[in-house]
Amino acid sequence: EVLCNVTPAAMICDELRDNEAAKAAAAVGNHGVQLIATAHAETLAELVNNKAMAPVLGDFEECTLSDREAMRRSGAQRWGNFSKVRNQRIGEATFDA
């Protein structure tokens, strides 16, 4: 409602903690409003893997790399010293970081 009547240049949000808050934040971004917000996690990987944040961060899925590609990306010198499973983005983030 605020976005329709006032269209602020920026908004500040204390914490994005669930999917409803993330959807509201994405709506703010889709109206061209800058958002300053927090989202708590122990690690960046934990935050990215939190499906509730997908409307803001974009969505990710696991993919399996070929042996050769996994070895190239990891910089491993021998077979077996790398992980073939990676996350890849399948949806764009609402905001630039």
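Positions are given from 1, in the same order as the sequence printed here.
The residues Glu20 and Lys23 are annotated as not salt-bridged, no charged nitrogen and carboxylate oxygen being separated by less than 4.0 angstrom. With respect to Asp59 and Arg89, no salt bridge is recorded, no charged nitrogen being found less than 4.0 Å from a carboxylate O.
No continuous path of hydrophobic side-chain contacts links Ile90 to Met53 [ILVMFWY only; heavy atoms under 4.5 Å].
Residue His40 holds its NE2 atom at 7.5 Å from CZ of Arg17, rounded to the nearest 0.5 Å. Atom-to-atom distance recorded for Asn50:CG and Phe60:CZ is 12.0 Å, nearest 0.5 angstrom. Distance CG/Asn87 to CD/Glu61: 9.0 Å, rounded to 0.5 Å. Rounding to the nearest 0.5 Å places CG of Leu16 at 6.5 Å from CG of Leu35. Within the model, atoms CZ of Arg73 and OG of Ser83 stand 11.0 Å from one another, a figure rounded to the nearest 0.5 Å. We find the NZ-SG distance between Lys84 and Cys63 to be 11.5 Å, quoted to the nearest 0.5 Å.
Shown here is Glu15, whose CD atom has more than 12 heavy atoms of other residues, nucleotides or ligands within 6.0 Å.
Of all heavy-atom pairs between Ala93 and Leu57, the closest is CB-O, 3.6 Å. In terms of heavy-atom proximity, Val56 sits nearest to Ala25 at CG2-CB, 3.8 Å.
A donor-acceptor contact shorter than 3.5 Å links the side chain of Thr94 to the backbone of Pro55. For the pair Arg68 (side chain) and Leu65 (backbone), a donor-acceptor distance under 3.5 Å is absent.
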